[in-house]
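Remarks on the structure that follows.
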Amino acid sequence: MDDFATRLLAWYDDHGRHNLPWQRDATPYHVWLSEIMLQQTQVATVIPYYERFIESFPDIHALAGADTDAVLHHWSGLGYYARARNLHRAAKTLVSDFAGEFPADIDALQALPGIGRSTAGAILSTALGGRAAILDGNVKRVLARFHAVEGWPGKTAVAATLWQLAEQHTPESRVSDYTQAIMDLGATLCTRSKPDCQRCPQAQGCTALRLERQGEFPGKKPKKSIPTRRTHFVIAYTPKGELLLERRPASGIWGGLWCFPEVQDAKSASRYCEETLFADVAAITELPSLRHSFSHYHLEISPLLLTLSRAPTLIRERDELRFWPAKESPQVGLAAPVKRLWQEAAAVLTNSKKGDK
DNA sequence: AAGTCGGGGGA
DNA sequence: TCCCCAGACTT
């Protein structure tokens, strides 16, 4: 075991995080779920989602047998919904092909959807007693600073260097603790801004600290300007007090989630109701538009509340087009702005109903 | 190698 | 506003 791992483990025993929800009973299922939820997502954000998910799907059999809509419902607001779809697929595979047990093999783990090299390493080392390196955002930052690795980790060559260092430092014993420890170090001391080098167990050997260049590692991602796209949401309200949602295709943004139908402009919103729903529009209310930002573009959403004068009769009960009672948002996958709009629309409708009386 | 895929916290 | 977070997958 090298000095890096020795110092890290000593620090971890006293200062590491030992009470995260998925550490209390670190089964492969718990660790797997947490690792998927934690991809590109901060710990504090994940915790309530994790608790609710485990409560509804306590084990892999419950997850494998669940409806996709129920799984996506529990993921609503967390983002990167392909993670939930892949999680569900992997659960089905694990139950059908592996008797519900996780293979203690890095390649077999990586063959499951949603599990890449780092997540496979985390599951193997943390929950299955194996030895494998991980390389998440925390580890990249710690290693890039300690070894003064120049360049943005998104570059293949930089990532390869970091992976090699990660493998090199991973000890033969206490692998589980080491894996958790290096993530804890990155999350609590070796943070993105204002790292607490005074308390760091690796201060002695850290090259970035010696050069006083902590802020330069890891190298920054080259920034690109992102476009703004505009869309209108059709919020169709029936006399029965229902709102219409449309299931989005499995691929693309908000894949598999339910959303208000999208149209180009206000005129096509009425046409949509007449031609697709075979319904007459009694009133149109423009709700305040909202701006929703993704990593690669901004979306300007203009919501249009269309009150239908009679029930849309000719809609076949299509799987991808359904009405739901406006009272409470449905138990399916809803993107964050859709969930927000649902509540706003429901509030507007409640108030206007009161006003009528 | 570059693009796609969310949403929120922190500065 | 900007950056990035316990990344994986597609093109």
Side-chain angles (χ1 to χ4, degrees), chain A residues 16-17 20-23 30-50 72 75-87 89-90 109-123 125-127 133-142 144 152-160 162-163 166 179-188 190-194 215 218-228 248-257 259 290-299 333-340:
Chain A
R17 297 174 294 183
L20 295 169
W22 42 91
Q23 293 178 314
H30 290 163
V31 170
W32 170 52
L33 175 63
S34 72
E35 287 299 328
I36 301 301
M37 284 189 164
L38 287 162
Q39 287 169 5
Q40 297 292 289
T41 312
Q42 295 180 350
V43 170
T45 302
V46 163
I47 288 175
Y49 283 87
Y50 176 86
L72 287 171
W75 214 271
S76 293
L78 196 56
Y80 283 148
Y81 300 95
R83 293 183 295 175
R85 299 194 304 273
N86 287 334
L87 186 84
R89 272 205 299 149
L109 288 170
Q110 269 192 83
L112 293 166
I115 299 180
R117 183 175 176 184
S118 186
T119 300
I123 297 170
S125 62
T126 306
I134 63 163
L135 190 63
D136 63 7
N138 290 312
V139 180
K140 286 174 186 168
R141 192 168 51 253
V142 169
W152 173 52
K155 288 288 185 182
T156 306
V158 178
L162 291 171
W163 268 113
T179 300
Q180 188 60 48
I182 194 167
M183 288 190 286
D184 285 4
L185 185 67
T188 62
C190 196
T191 49
R192 179 160 65 98
S193 61
K194 291 191 289 184
K220 285 173 185 163
K221 174 182 182 168
K223 61 176 167 187
K224 291 178 179 149
S225 61
I226 59 178
T228 297
R248 302 181 66 92
S251 64
I253 200 79
W254 298 334
L257 276 65
C259 186
L290 52 146
R291 184 182 173 85
H292 188 76
S293 291
F294 300 99
S295 42
H296 49 305
Y297 65 92
H298 301 290
L299 187 63
L334 298 177
V338 175
K339 194 169 210 168
R340 197 175 314 140

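We name chains A, B, ... by the order of the sequence lines, and we start the count at 1 in each one. Values in this document were obtained by computation on a predicted structure and should not be read as measured data.
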5' priority, DNA chain B, between A/Leu334 and A/Ala157 [closest heavy atom]: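 Result of the comparison: A/Ala157.
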With nearest nucleotides of DNA chain B determined for A/Lys155 and A/Ala44 from heavy-atom distances, which residue corresponds to the more 5′ nucleotide?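 Mapping each residue to its closest nucleotide by heavy atoms, the 5'-most match is A/Lys155.
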Whole angstrom is fine here: how far is it from [atom1] in [X] over to [atom2] in [N]?
| X | N | atom1 | atom2 | value |
| --- | --- | --- | --- | --- |
| A/Tyr49 | C/dC5 | OH | C1' | 15 Å |
| A/Leu38 | B/dG7 | CG | C1' | 14 Å |
| A/His296 | B/dG6 | NE2 | C1' | 9 Å |
| A/Tyr81 | C/dT10 | OH | P | 20 Å |
| A/Gln42 | C/dG7 | CD | C1' | 15 Å |
| A/Leu87 | C/dC9 | CG | P | 12 Å |
| A/Lys223 | C/dC4 | NZ | C1' | 14 Å |
| A/Asn86 | B/dT4 | CG | C1' | 13 Å |

Is it the case that the side chain of [X] and the backbone of [Y] share a donor-acceptor pair, with hydrogens and angles ignored and the cut-off at 3.5 Å?
| X | Y | value |
| --- | --- | --- |
| A/Arg83 | A/Gln39 | yes |
| A/Ser118 | A/Leu135 | yes |
| A/Thr228 | A/His298 | no |

Ignoring hydrogens and angles, does a donor from either the side chain of A/Arg141 or the base of C/dA6 sit under 3.5 Å from an acceptor on the other?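 No pair found.
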What about A/Thr41: does its side chain form a donor-acceptor pair under 3.5 Å with the base of B/dG6?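 Indeed there is one.
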Checking all strands, does [X] fall into the base, sugar-phosphate, or nothing category for heavy-atom contacts under 4.0 angstrom?
| X | answer |
| --- | --- |
| A/Ile115 | sugar-phosphate |
| A/Gly77 | sugar-phosphate |
| A/Ala335 | sugar-phosphate |
| A/Phe294 | sugar-phosphate |
| A/Trp32 | nothing |
| A/Ala336 | sugar-phosphate |
| A/Gly186 | nothing |
| A/Lys194 | nothing |
| A/Val43 | base |
| A/Gln110 | nothing |

With a 4.0 Å cutoff (strictly under), does any side-chain N or O of [X] reach OP1 or OP2 of [N]?
| X | N | value |
| --- | --- | --- |
| A/His292 | B/dG6 | no |
| A/Gln39 | C/dG7 | no |
| A/Lys220 | C/dC2 | no |
| A/Thr119 | C/dA8 | yes |
| A/Tyr297 | B/dG6 | no |
| A/Lys224 | B/dG3 | yes |
| A/Trp75 | B/dG6 | no |

Considering Watson-Crick and G-U wobble pairs with both distances under 3.5 Å, what does B/dG6 pair with?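 Base partner found: none.
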Would you mind telling me which of [options] lies closest to the side-chain atoms of [X]?
| X | options | result |
| --- | --- | --- |
| A/Ser295 | B/dC5, C/dC3, C/dC9 | B/dC5 |
| A/Ile253 | B/dA11, C/dG7, B/dG6 | B/dG6 |
| A/Arg17 | B/dG9, C/dA6, B/dG6 | C/dA6 |
| A/Arg192 | C/dA6, C/dC5, C/dC4 | C/dC4 |
| A/Pro337 | C/dG7, B/dG7, B/dG9 | B/dG7 |

Could you walk me through whether A/Trp32 and A/Leu109 pass the side-chain contact (heavy atoms from CB on, under 4.5 Å) test, one step at a time? CA-CA 10 Å; A/Trp32 170 52; A/Leu109 288 170; over 6 Å; no
Taking atom C1' in both B/dG3 and C/dA6, what distance in whole Å separates the two?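 The same atom, C1', in both gives a distance of 23 Å.
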Quantified in whole Å, what is the P atom distance between nucleotide C/dT10 and nucleotide B/dG6?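 Each nucleotide's P atom is 14 Å from the other's.
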Mapping A/Leu20 and A/Leu112 onto DNA chain C by nearest heavy atom, which one lands closer to the 5' end?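 The residue mapped nearer the 5' terminus is A/Leu20.
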Of A/Pro218 and A/Tyr80, whose nearest nucleotide on DNA chain C comes first from the 5' end?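 Closest to the 5' end, via its nearest nucleotide, is A/Pro218.
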Working for side-chain contact (heavy atoms from CB on, under 4.5 Å), residues A/Ile253 and A/Arg248: CA-CA 8 Å; A/Ile253 200 79; A/Arg248 302 181 66 92; 3.1 Å; yes
On the 0 to 90° scale, with breaks at 30° and 60°, tag the A/His292-A/Phe294 ring pair as parallel, tilted or perpendicular.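 Rings of A/His292 and A/Phe294: perpendicular, as their planes differ by over 60°.
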Apply side-chain contact (heavy atoms from CB on, under 4.5 Å) to the pair A/Arg117 and A/Trp163, showing each step before the final yes or no. CA-CA 10 Å; A/Arg117 183 175 176 184; A/Trp163 268 113; 3.4 Å; yes
Heavy-atom pair of closest approach, residues A/Gly255 and A/Arg85: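 Taking every non-hydrogen atom into account, O-NH1, 2.7 Å.
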